[in-house]
Asker: 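Sharing a structure below in structure tokens format, with a few things to ask.
For ligands, and for the atoms within them, numbers begin at 1 and follow the listed sequence.
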Amino acid sequence: MSATNKTLRHFLTLTDLDASEFRALITRAIELKTMQHQGKIFEPLKNKVLAMIFEKSSTRTRVSFESGMAQFGGHAIFLSPRDTQLGRGEPIEDSARVLSSMTDCLMVRTFEHEKAETLARHSSVPVINGLTDDVHPCQLLADMQTYFEHRGDIKGKTVTWVGDGNNMCHSYMHAAKILEFKLIIACPQGFEPQQKFIDETRDFIEITQDVSAACTDSDLIVTDVWASMGQEEEQKIREQAFSDYQVTDKLMALANDDALFMHCLPAHRGEEVSADVIDGSKSVVWDEAENRLHAQKALLEFLLVD
Ligand code: CP
Ligand code: NVA
């Protein structure tokens with residue numbers, strides 16, 4: 001841990017940010033993206049180290065954090081349970097103390113959200129949630145940056161979530177509340193978001209099983225996999241439950257003319273989204289994926305630079 005006067009802040013859910021901080025991060029992410037594309041060297045995290053604990057697979061989260069730290073002049077360490085003592089039962093509390101004594105920031109991707117909270121409680125450096133079973137806040141930084149870049153402020157717009165009431169859906173619910181947009185969640189019975197997230201965001205969300213109505217006049221349609229990491233054995237049951245919840249051209253045609261399509265990826269063409277939609281002109285999934293890098297650099301700067 002390096003000496004800093006900065007107040008210790010964690011980023012475990014989007015609600016760790018207020019609206020002005022969220023908007024400032026989006027603005028900063030767009031600036032950092034321009035700088036990166038211009039080839040400007042900017043190294044505010046020189047000699048800083050990020051330790052990344054991955055208990056689930058990742059392509060985008062790992063590469064964006066690792067590249068972001070390198071571009072900022074720092075370093076990132078990839079840690080998996082398979083080759084650390086975490087996988088052999090070392091308590092998360094002890095790991096938090098040790099890792100935060102040697103590094104400047106921790107990132108964790110895990111199953112139970114409580115594990116990320118425990119890590120944060122025992123860490124002397126900021127902890128970033130790189131996805132838990134409950135939420136995926138880093139993805140929403142990138143998604144909102146992408147919407148702002150393409151269409152401007154999302155306040156007052158209508159966003160439609162199609163599919164599982166999962167971690168991504170929960171983070172969309174938080175974003176709706178903070179940035180003040182309307183979120184219509186179209187999901188099969190039994191796959192609704194968790195009640196605690198409904199209670200937190202009820203003035204900003206609607207839940208329906210009518211996917212066509214949910215997409216009508218929408219400004220942004222978003223979906224995600226039918227079976228998240230950890231639910232692999234439910235794949236077959238979920239394929240049946242979600243068979244009417246594929247985002248197709250027909251659904252996109254119900255939305256506003258300038259509606260966008262997003263997906264956090266990885267995607268399954270022919271399941272939650274048709275190839276025509278994800279590879280079509282309304283899809284901004286590649287910008288969305290790239291923006292993980294820029295949005296998280298803005299986050300790292302926010303959490304770590306005095
Ligand atoms: N969207 C996302 O978090 O991707 P990865 O699982 O590849 O990190
Ligand atoms: N809901 C998905 C998101 C992957 C980035 C999962 O948790 O597997």
Asker: Please identify which of these residues, Glu290, Lys297, Gln296, meets the side chain to side chain donor-acceptor pair (under 3.5 Å) condition with Ser64.
Answerer: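 When side chain to side chain donor-acceptor pair (under 3.5 Å) is applied between Ser64 and each of Glu290, Lys297, Gln296, only Gln296 qualifies.
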
Asker: Identify the protein heavy atom lying closest to atom 8 (O) of ligand 2, giving its residue, its atom name and the separation to 0.1 Å.
Answerer: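 Checking every protein heavy atom, the shortest distance to atom 8 (O) of ligand 2 gives Met229 N, 2.8 Å.
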
Asker: Does Phe42 have any ring-ring contact (aromatic ring centres under 6.0 Å, His included) partners at least two apart in sequence or in another chain, and if so, which?
Answerer: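 For Phe42 the ring-ring contact (aromatic ring centres under 6.0 Å, His included) partners, ignoring immediate neighbours, are Phe72.
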
Asker: For ligand 2, indicate whether the residue Asp164 contacts it via side chain, backbone, both or neither (heavy-atom separation under 4.0 Å).
Answerer: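 No part of Asp164 is near ligand 2 at this cut-off.
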
Asker: Could you check atom 3 (C) of ligand 2 against the protein and tell me its nearest heavy-atom contact, residue, atom and distance included?
Answerer: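 Ranking protein heavy atoms by distance from atom 3 (C) of ligand 2, first comes Asp224 OD2, 3.6 Å.
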
Asker: Would you please indicate yes or no on a ring centroid separation below 6.0 angstrom for Phe181 and Phe204?
Answerer: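 That pair fails the under 6.0 Å test.
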
Asker: Quick one: does Ser228 get an N or O within less than 3.5 Å of an N or O on ligand 2?
Answerer: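 Yes, since at least one N or O of Ser228 sits under 3.5 Å from an N or O of ligand 2.
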
Asker: To which protein heavy atom is atom 4 (C) of ligand 2 closest, and what is the distance rounded to 0.1 Å?
Answerer: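 So the nearest neighbour among protein heavy atoms is Leu131 CD1, 3.9 Å.
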
Asker: So, Phe242 versus Phe191, ring centres under 6.0 angstrom or not?
Answerer: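 Yes, ring centres under 6.0 Å apart.
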
Asker: With heavy atoms of Asn166 as the reference, note each atom of ligand 2 found under 4.0 Å away.
Answerer: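 Result: 1 (N).
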
Asker: Please work out, at 4.0 Å between heavy atoms, whether the side chain, the backbone, both, or neither of Asp133 comes within that distance of ligand 2.
Answerer: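 For Asp133, no heavy atom sits under 4.0 Å from ligand 2.
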
Asker: Apply side chain to side chain contact (heavy atoms under 4.5 Å, CB included) to Asn167 and list each qualifying residue two or more places apart in sequence or on a separate chain.
Answerer: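 Per chain and number, Asn167 pairs via side chain to side chain contact (heavy atoms under 4.5 Å, CB included) with Leu131, Asp224, Ser228.
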
Asker: Is the backbone of Thr118 close enough, under 3.5 Å, to the side chain of His122 for a donor and an acceptor to pair up by distance?
Answerer: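 Yes; judged by distance alone, with no hydrogens or angles, the pair exists.
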
Asker: Write 'none' if nothing qualifies; otherwise put on separate lines each N/O atom of ligand 1 with a protein N/O atom under 3.5 Å away and their distance to 0.1 Å.
Answerer:
from: ligand 1; atom 1: 1 (N); to: Gln139; atom 2: OE1; distance (Å): 2.9
from: ligand 1; atom 1: 1 (N); to: Cys264; atom 2: O; distance (Å): 2.9
from: ligand 1; atom 1: 1 (N); to: Leu265; atom 2: O; distance (Å): 2.9
from: ligand 1; atom 1: 1 (N); to: Arg292; atom 2: NH1; distance (Å): 3.4
from: ligand 1; atom 1: 3 (O); to: Thr61; atom 2: OG1; distance (Å): 3.1
from: ligand 1; atom 1: 3 (O); to: Arg109; atom 2: NH2; distance (Å): 3.0
from: ligand 1; atom 1: 3 (O); to: His136; atom 2: NE2; distance (Å): 2.8
from: ligand 1; atom 1: 3 (O); to: Arg292; atom 2: NH1; distance (Å): 3.0
from: ligand 1; atom 1: 4 (O); to: Arg60; atom 2: NE; distance (Å): 2.8
from: ligand 1; atom 1: 6 (O); to: Arg109; atom 2: NH1; distance (Å): 2.8
from: ligand 1; atom 1: 7 (O); to: Thr59; atom 2: N; distance (Å): 2.7
from: ligand 1; atom 1: 7 (O); to: Arg60; atom 2: N; distance (Å): 2.8
from: ligand 1; atom 1: 7 (O); to: Arg60; atom 2: NE; distance (Å): 3.1
from: ligand 1; atom 1: 7 (O); to: Arg60; atom 2: NH2; distance (Å): 3.0
from: ligand 1; atom 1: 8 (O); to: Ser58; atom 2: OG; distance (Å): 2.7
from: ligand 1; atom 1: 8 (O); to: Arg60; atom 2: N; distance (Å): 3.4
from: ligand 1; atom 1: 8 (O); to: Thr61; atom 2: N; distance (Å): 2.8
from: ligand 1; atom 1: 8 (O); to: Thr61; atom 2: OG1; distance (Å): 2.7
from: ligand 1; atom 1: 8 (O); to: Arg109; atom 2: NH1; distance (Å): 3.4
from: ligand 1; atom 1: 8 (O); to: Arg109; atom 2: NH2; distance (Å): 3.3

Asker: Crowded around Gln240 CD? As in, over 12 foreign heavy atoms under 6.0 Å?
Answerer: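 No.
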
Asker: Restricting to ring-ring contact (aromatic ring centres under 6.0 Å, His included), what partner residues turn up for His174, sequence neighbours left out?
Answerer: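 By the ring-ring contact (aromatic ring centres under 6.0 Å, His included) rule, His174 matches Phe197.
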
Asker: Strictly distance-based, threshold 3.5 Å: is any side-chain N or O of Asn291 a donor or acceptor partner for the main-chain N or O of Asp287?
Answerer: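 Answer holds: yes.
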
Asker: Which atoms of ligand 2 sit under 4.0 Å from any heavy atom of Asn167?
Answerer: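 Result: 1 (N), 2 (C), 6 (C), 7 (O).
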
Asker: Report yes if some N/O of Arg109 lies less than 3.5 Å from some N/O of ligand 2; otherwise report no.
Answerer: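 Looking only at distances, the answer is no, because the N/O contact criterion of under 3.5 Å is not met.
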
Asker: So, Ser67 side chain and Val63 main chain: donor-acceptor pair closer than 3.5 Å or not?
Answerer: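 Pair found, side chain donor or acceptor close to backbone of Val63.
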
Asker: Could you check whether any side-chain N or O of Ser218 sits under 3.5 Å from a backbone N or O of Thr158, counting only pairs where one atom can act as donor and the other as acceptor?
Answerer: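 Present.
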
Asker: Show the atoms of ligand 2 that are less than 4.0 angstrom away from any heavy atom in Leu265.
Answerer: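 Those atoms are 5 (C).
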
